[in-house]
Amino acid sequence: MSRRADAFFQQYDREGLAFMRAQRSSPMRDHRRAFRAQVTIPLRGKTVLDAGCGYGHDLPFYAKRGACVYGTDPSKAMIDLARQQCPECADRLSVQPIQKTAFPNRFFDLVTSIYALHNAPDLQPAFREMHRILKPGGLFIYLVQHPLFVFQRKTHQAYHRKETVTFTIPDMQPPCTIRQPAHTFSDYFTPFVLDRFELLAFAEGREAVPMWFLAKLRKR
Ligand SMILES: C[S@@+](CC[C@H](N)C(=O)[O-])C[C@H]1O[C@@H](n2cnc3c(N)ncnc32)[C@H](O)[C@@H]1O
């Protein structure tokens, strides 16, 4: 992947270790609990990808339940940390962005992604890629920043206008400001997504302005 200005993972390359320490101090925030509640299928023997796995916080969760776990992240620094976090799946971790991977067609039973998909500058290639690598009937469960939360950070208060926004990651010392693209609900629920996937579940954060939403999709 080219190191373009819109390659948002570069920030995680720089901040990887500090990010990991901050997350460890609050490893099971509400969003992660809500996410895991959606992982209801038996994982034993299943092929699972955590796309945008970061430092690998969730990899042991899937590995301990008997899944054959893969993880990807475009940040090499994050993947290096993830190898320490989940030694049993270290050989299956690789540096790749969600929008273009080297996996074969129809490879995974389940793809998960927490707070990573929204970093893709354009979501459509990412949804197409997830659809390509999932088996028919396979699940894609993702959690991203809520478009309303993102909207509040826009310089121009124009919901549909393409913009890069900045926000501060909670709990990081020193505070860390992250840039990311601003996506709308229409970017997530496109005709392609609604045609090629079945929407099984949707949930959003309970904060006054929700920070996140999650969707559970099944490949048709
Ligand atoms: C907030 S962290 C979340 C990491 C992990 N999923 C977790 O829950 O701790 C965001 C991650 O998204 C990754 N990322 C950035 N751009 C990405 C892309 N295009 N595809 C996949 N992941 C990306 C970053 O490198 C970073 O590791």
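We count ligands from 1, going down the list as the structure has it; atoms in each ligand are counted the same way. Note that this is a predicted model, so its numbers are computed, not measured.
In terms of polar-atom proximity, defined here as any N/O pair under 3.5 Å, M78 makes no such contact with ligand 1. Where the criterion is an N or O separation shorter than 3.5 Å, residue side chain and backbone included, Q99 meets it with respect to ligand 1.
Using a 4.0 Å cut-off to heavy atoms of A116, the atoms of ligand 1 that qualify are 12 (O), 22 (N). Near F9, the atoms of ligand 1 lying under 4.0 angstrom from a non-hydrogen atom of the residue are 15 (C), 16 (N), 25 (O). Near S75, meaning under 4.0 Å from any of its heavy atoms, are these atoms of ligand 1: 25 (O).
Seen from the ring of F61, R65 counts as a face-on cation partner, given the 6.0 Å and 45° thresholds.
Salt bridge present: D58 and R36 bring a charged side-chain N and a carboxylate O closer than 4.0 Å. No salt bridge links D122 with R128; every basic N to acidic carboxylate O contact stays at or beyond 4.0 Å.
Heavy atoms of D73 found under 4.0 angstrom from ligand 1 belong exclusively to the side chain. Looking at C53 against ligand 1, only its backbone comes within 4.0 Å, counting heavy atoms.
The option from A51, P74, A120, G52 that lies nearest to atom 14 (N) of ligand 1, judged by heavy atoms, is P74.
Side chain to side chain, T164 and K154 fail the donor-acceptor criterion of an N or O pair below 3.5 Å.
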Show every donor-acceptor pair shorter than 3.5 Å between a side-chain atom in residues 136-151 and any protein atom, with sequence neighbours excluded, or say none if there are none.
residue, atom, partner, partner atom, Å
Q145, OE1, Q180, NE2, 2.2
H146, ND1, L148, N, 3.0
H146, NE2, E204, OE1, 2.7

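In this structure, Y188 and F127 have side chains that are in contact, with non-hydrogen atoms separated by less than 4.5 Å.
At least one heavy atom of R32 sits closer than 4.0 Å to an atom of ligand 1.
Panel note: side chain D109, backbone T47; a donor-acceptor pair is recorded below 3.5 Å.
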